[in-house]
There are 2 protein chains.
Amino acid sequence: MSVVMKHSHTIGEAAATTGVSAKMIRHYEKIRLIMPAERTGAGYRLYDPADIHKLRFIRRARNLGFSIDEIKELLGLWQDETRASKDVRHVADSHLVALRNKAAEIHSMIDALEHLLEGCTNDDRPDCPILKGLASDTTSARPKNVGHKFGYERIC
Amino acid sequence: MSVVMKHSHTIGEAAATTGVSAKMIRHYEKIRLIMPAERTGAGYRLYDPADIHKLRFIRRARNLGFSIDEIKELLGLWQDETRASKDVRHVADSHLVALRNKAAEIHSMIDALEHLLEGCTNDDRPDCPILKGLASDTTSARPKNVGHKFGYERIC
DNA sequence: AATAAGGCTTCCTATGATGGGAAGGTCAAG
DNA sequence: CTTGACCTTCCCATCATAGGAAGCCTTATT
């Protein structure tokens, strides 16, 4: 292994540096998320730095829960040579909205966890502020915690 | 503490207010991601505000690409009655790290898209200069990660 | 009382994303 | 030339999600 020949990587190297498994890279090619890779004479796939970048982008997007179709569209922003700027802007804008929503949800989860760590970890608190903060319901009623196996009724 | 519930919802209402389909709610119960819901005398499932909150949390987490197992652990932070604070903190901390990484990746993608909108869209020119400009990465030094570790992750 | 709407269960199917493994070809180093 | 690491294709398994059908029961409205 070690240093790569000039500008192209084997599928294994690409997998190692992008975090996308070789299996998935082939899969992405088959479902046409990415274009068929170049091949060596023997049929080995070759990936240049642009491919590597795209794979990293894909991995990040998958990691954030974007579907393949969404990623296809995101990649299309860069790849589609026939798309006019206005279209690009429109599509990108809607994806930016989606991304910002995800960011908001993440921060909401982070807040919830931090809140848990601040306010709920000291043993004798039967009452969880997160419930009140995040659920928009009008009640703080709690279910009876009798019966069931693991006391799952308590959220906090 | 005020007990006595009866701000309970049917599965359909729970689905409507949480964005998790009734089908999935039953599924989550079956795979024990959530504990069996209370039932009316007739067998209808009932969901109180704490349940609703959990379902929203689940939907958010799924939406962000967390696996069921991860969500199980996250929910466990609130559900575990025996929580020894140290364990809770440890687990929560590691999840906070994961969440902050996701947040960073999201902001990286947002940056990439905004960069695309700034730099690539002001005419009908169909090719993207930056896509070409990246003909050298992976090994060569990228512009210092101004900001944070994901700052360089641009396709375009 | 009748009806519509919705809930209950079980079962069957499908699709998408991922990964495991088999059977075999390629390549470089010993 | 052999070996071991890597590649190829192809098939199969799993998990999360979704849809649907059948058959029965409950609740709300008319």
Side-chain angles (χ1 to χ4, degrees), chain A residues 1-6 8-48 51-52 54-75, chain B residues 6-48 51-52 54-75 102 105:
Chain A
M1 21 203 88
S2 76
V3 182
V4 278
M5 56 203 290
K6 224 185 162 184
S8 287
H9 306 259
T10 64
I11 199 171
E13 291 163 346
T17 67
T18 64
V20 182
S21 72
K23 212 122 192 176
M24 279 297 103
I25 296 176
R26 296 192 193 98
H27 178 66
Y28 291 154
E29 178 181 308
K30 187 154 58 180
I31 65 175
R32 316 214 42 117
L33 176 63
I34 56 181
M35 291 314 253
E38 310 266 341
R39 303 288 187 118
T40 66
Y44 283 25
R45 288 174 179 81
L46 289 177
Y47 298 90
D48 64 35
D51 298 322
I52 299 295
K54 285 177 194 167
L55 288 171
R56 285 210 185 103
F57 188 89
I58 290 168
R59 184 196 42 78
R60 274 208 312 270
R62 284 297 302 149
N63 195 244
L64 293 171
F66 285 92
S67 73
I68 296 294
D69 276 353
E70 289 166 330
I71 297 172
K72 210 173 278 186
E73 209 174 23
L74 284 164
L75 284 178
Chain B
K6 280 331 138 214
H7 223 40
S8 288
H9 306 261
T10 64
I11 198 172
E13 292 163 348
T17 67
T18 63
V20 183
S21 71
K23 207 138 190 168
M24 278 299 104
I25 296 176
R26 297 193 194 98
H27 179 66
Y28 290 154
E29 180 180 306
K30 186 153 56 181
I31 66 175
R32 313 204 46 93
L33 176 62
I34 55 181
M35 291 311 261
E38 313 253 349
R39 302 291 186 116
T40 67
Y44 280 27
R45 288 174 179 83
L46 287 179
Y47 298 91
D48 64 43
D51 298 321
I52 299 297
K54 285 181 200 169
L55 288 170
R56 287 210 184 103
F57 189 89
I58 290 169
R59 184 195 42 76
R60 276 204 306 269
R62 284 299 300 154
N63 195 245
L64 292 169
F66 285 91
S67 74
I68 295 295
D69 276 353
E70 288 167 329
I71 297 171
K72 213 173 275 185
E73 209 175 26
L74 284 163
L75 284 178
K102 272 185 198 282
E105 298 208 316

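The figures here come from the full heavy-atom set of this structure, side chains too, leaving out hydrogens, waters and symmetry mates. Letters go in sequence order (proteins before strands), and every chain restarts at 1.
- Atom CD of B:Glu29 and atom C1' of C:dC8 are 12 Å apart (whole Å).
- Residue-level contact check: A:Ile11 touches the backbone only, with heavy atoms under 4.0 Å from sugar-phosphate atoms and none from bases.
- A:Met35 has its side chain out of reach of A:Lys54: every pair of non-hydrogen atoms, C-beta onward, lies at least 4.5 Å apart.
- The neighbour count for B:Glu13 CD, taken as heavy atoms of other residues, nucleotides or ligands under 6.0 Å away, is above 12.
- Note on B:Arg45: every side-chain N or O is 4.0 Å or more away from OP1 and OP2 of C:dG7.
- Heavy atoms of A:Ser21 sit under 4.0 angstrom from primed sugar atoms or phosphate atoms, though from no base atom.
- Going from atom CG of B:Asp69 over to atom C1' of D:dC15 covers 10 Å, rounded to whole Å.
- Note: NZ (B:Lys23) to P (C:dT13) measures 14 Å, nearest angstrom.
- Between A:Arg39 and D:dT9 there is a side-chain N or O to OP1 or OP2 distance below 4.0 Å.
- One can place CE of B:Met24 at 6 Å from P of D:dT17, the figure rounded to the nearest angstrom.
- One interatomic measurement links the two molecules: CD1 of A:Ile71 to C1' of C:dT18, which rounds to 13 Å at whole-angstrom precision.
- In this structure, A:Leu75 and A:Ile58 have side chains that are in contact, with non-hydrogen atoms separated by less than 4.5 Å.
- Within residues 61-68 of chain B, the residues that place at least one heavy atom under 4.0 Å from DNA chain D are, in residue-number order, B:Arg62, B:Ile68.
- For A:Leu33 and C:dG16, the CG to P distance is 13 Å, given to the nearest whole Å.
- At least one side-chain heavy atom of A:Leu55 sits less than 4.5 Å from a side-chain heavy atom of A:Ile25.
- Residue A:His27 is the one, among A:Gly41 and A:His27, whose nearest nucleotide of DNA chain C lies closer to the 5' end (criterion: closest heavy atom).
- Between B:Arg56 and B:Thr17, the closest side-chain pair of non-hydrogen atoms falls below 4.5 Å.
- Remark: A:Glu29 engages A:Arg39 in a salt bridge, criterion side-chain N to carboxylate O under 4.0 Å.
- Per the geometry, CD1 belonging to B:Ile25 stands 13 Å off P belonging to C:dT9, to the nearest Å.
- Taking the side chain as every heavy atom from C-beta outward, A:Thr18 and A:Tyr47 never approach each other to under 4.5 Å.
- The side chain of A:Arg26 lies closest to D:dT9, out of D:dA18, D:dT9, C:dT26.
- Per the geometry, OH belonging to B:Tyr44 stands 10 Å off C1' belonging to D:dC24, to the nearest Å.
- For D:dT17, the OP1/OP2 oxygens have a side-chain nitrogen or oxygen of B:Tyr28 closer than 4.0 Å.
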